[in-house]
Every structure is written in structure tokens, then in C-alpha cells.
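Have a look at the structure below, then the notes.
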Amino acid sequence: MLVNGATGAIGSAAVQLLKRLGAVVTAVCDTEHVELVRGLGADRVIDYRAEDFTKDEETYDVVLDAVGKSSFGRCKRLLKPSGIYLSSDLGPLSQNPILALITPVFGGKKVVFPIPPKYRQERVRQFKEMIESGEFKPVIDRRYRLDQIVEAYRYVETGQKIGNVVISIEPAI
Ligand SMILES: NC(=O)c1ccc[n+]([C@@H]2O[C@H](COP(=O)([O-])OP(=O)(O)OC[C@H]3O[C@@H](n4cnc5c(N)ncnc54)[C@H](OP(=O)(O)O)[C@@H]3O)[C@@H](O)[C@H]2O)c1
């Protein structure tokens, strides 16, 4: 699999979970974060400041754009004949949900658009155990108190946060 945006909240979790599931992962991030992404378990890292990942010579079963900076059209050549393009974003002109309906009809390379996950207790428990055992390490950039939420949103909206921003809800005194 290839994960674009491997330093985001979704991308940094995806790299770790995919490695846990036994996938071979190529991750895309900027120069500054190559070591961080290697530390998450990526087998190969492409620095997007040095190289255009859409021109990579490898082909993949799945390309996950976890930062919404590409499109099916640009990534199609990276996919194996039955490869899947997944994105956490709607894509240019909101094309991803539409392509997810159309592309499976023709067979071959297709777009899958994730349906919002159901937050099952079992899943939350599983993550809690993985975090406690150190098997999954959420990447945390900054922490804010609840009364700093405007500041926190402003930071997230820069599009440059690394991993997650945590809002701490202080216990009432
Ligand atoms: N978080 C959620 O719960 C959620 C849910 C649904 C959908 N989404 C969508 O999913 C996308 C990602 O959200 P997110 O919260 O995981 O992360 P995010 O905060 O939007 O992503 C920021 C990360 O993307 C990297 N980045 C910026 N430009 C890039 C580029 N051109 N190529 C590769 N990486 C780049 C930045 O790292 P560098 O500075 O190293 O490039 C930064 O670490 C967003 O479009 C969001 O709307 C998010």
C-alpha cells in the first residue's frame, strides 16, 4: 500500500495499523518528517519535496490519500490492475463518492470512498488495549485545554499539524 499524508491524524494511524495487519507500506511525507514516519513502521518513505509520488515506478494494491492532495486520475498509474484508490477527502469537485459508484461497474481499478465508521464499543476497547500495550502509538502534536479550543481549531486549520491535536477536558473543581 501507499499512504499519502502519512504525518496526518489519519495517515499516521493508517501506517501503524497497516503494518500491524502485515501490509508492506510506502509512505509519503515532507523532508522534515521522514524519520518520524519510518518510526511508525513504513517500509519505504517518499519525501514529497524531493519527488512526485504519483510518478513512482512501483505499483500498489491500494493507494490511500489520507490528506486529500491527489486524485484517482493522478494515482491511477500507481495501481495494480485491480487496485483501489481510497481517500479521506471528497477530492476535486467532490468526485470521489461519484467515482466510488461508477468505477466498480467497469471492473479493474476502482475508487472506494469510506463510509463514516461506526464507533463500536468493541473497537474502542481494542484501541485502548493497543495503546496500553504500546502496539499503537498515537502521534500527538499539541495539547490544548477546552477553553483554548478556538486556538486549537486555528492550528488544525493550518493543515500542518503532525498527527493529532488533543483537547484536555479538565475535571470540574
Ligand atoms: N481527522 C479526521 O477525523 C478526518 C475525518 C474525515 C476526513 N478528514 C480529512 O482527511 C484529511 C486529513 O486529515 P487529518 O486530520 O488526518 O490530517 P491534516 O491535519 O489535514 O493533515 C496534515 C498533515 O498533512 C501533511 N501534508 C500537508 N500537505 C501535504 C502534501 N501535499 N502531501 C502530503 N502530506 C501533506 C502535513 O505534514 P507535512 O507538513 O509534513 O506535509 C500534516 O502532517 C483532511 O482533508 C480532512 O478534511 C479528516
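Ligands are counted one by one from 1 in listed order, and the atoms in each one are counted from 1 as well.
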- Note on the structure: Nearest heavy-atom approach of Asp89 to Phe113 is O-CE1, 3.1 Å
- Ser88 heavy atoms within 4.0 Å reach ligand 1 at atoms 7 (C), 8 (N), 9 (C), 10 (O), 11 (C)
- In terms of its nearest heavy atom to atom 12 (C) of ligand 1, the top option of Gly11, Ser12, Ala66 is Ala66
- Message: Polar contacts were defined as any N/O atom of the residue lying under 3.5 Å from an N/O atom of the ligand; does this apply to Tyr48 and ligand 1?
- Response: yes
- Item | 4.5 Å side-chain heavy-atom contact, Tyr155 and Asp141 | yes
- Side-chain heavy atoms of Lys110 within contact of Ile84, under 4.5 Å: yes
- Under 4.0 Å to a heavy atom of His33 - the qualifying atoms of ligand 1, by number: 40 (O)
- NZ/NE/NH1/NH2 to OD/OE distance under 4.0 Å, Lys128 and Glu132: yes
- Message: Under 4.0 Å, counting heavy atoms only: does Gly68 come that close to any atom of ligand 1?
- Response: no
- Query: For ligand 1, is any non-hydrogen atom under 4.0 Å from Lys161's backbone (N, CA, C, O), its side chain (CB onward), both, or neither?
  - Reply: both
- Item | Polar contact flag for Ile10 and ligand 1 (N/O pairs, less than 3.5 Å) | yes
- Between Phe127 and Phe136, how do the two ring planes meet: parallel, tilted or perpendicular, split at 30° and 60°? perpendicular
- Task: Using a strict cut-off of 4.0 Å, indicate which atoms of ligand 1 neighbour a heavy atom of Gly159.
- Result: 22 (C), 23 (C), 27 (C), 36 (C), 42 (C)
- Query: Any idea which atoms of ligand 1 are less than 4.0 Å away from a heavy-atom of Gln160?
  - Reply: 39 (O)
- Query: Which of the numbered atoms in ligand 1 are below 4.0 angstrom from a heavy atom of Val67?
  - Reply: 11 (C), 12 (C), 21 (O), 24 (O), 26 (N), 33 (C), 34 (N), 45 (O)
- Task: Given side-chain contact (heavy atoms from CB on, under 4.5 Å), test Phe53 with Thr26 step by step and report yes or no.
- Result: CA-CA 10 Å; Phe53 81 90; Thr26 293; over 6 Å; no
- Message: Is there a polar contact between ligand 1 and Val156, counting only N or O atoms under 3.5 Å apart?
- Response: no
- Near Asn4, which atoms of ligand 1 are under 4.0 Å from a heavy atom of that residue? 32 (N), 33 (C)
- Task: Pull out every atom of ligand 1 sitting under 4.0 Å from any heavy atom of Ala9, numbered as shown with elements.
- Result: 14 (P), 15 (O), 16 (O), 17 (O)
- Message: Please determine whether any non-hydrogen atom of Cys29 lies less than 4.0 Å from an atom of ligand 1.
- Response: no
- Does a salt bridge link Arg154 with Glu157, judged by any charged N lying under 4.0 Å from a carboxylate O? no
- Message: Please compare Asp141, Ile46, Asp89 and report which has the shortest non-hydrogen distance to atom 45 (O) of ligand 1.
- Response: Asp89
- Query: Between Arg44 and Asp56, is the closest basic N to carboxylate O distance under 4.0 Å?
  - Reply: yes
- Main-chain N/O of Cys29 paired to Thr7 side chain as donor or acceptor, under 3.5 Å: no
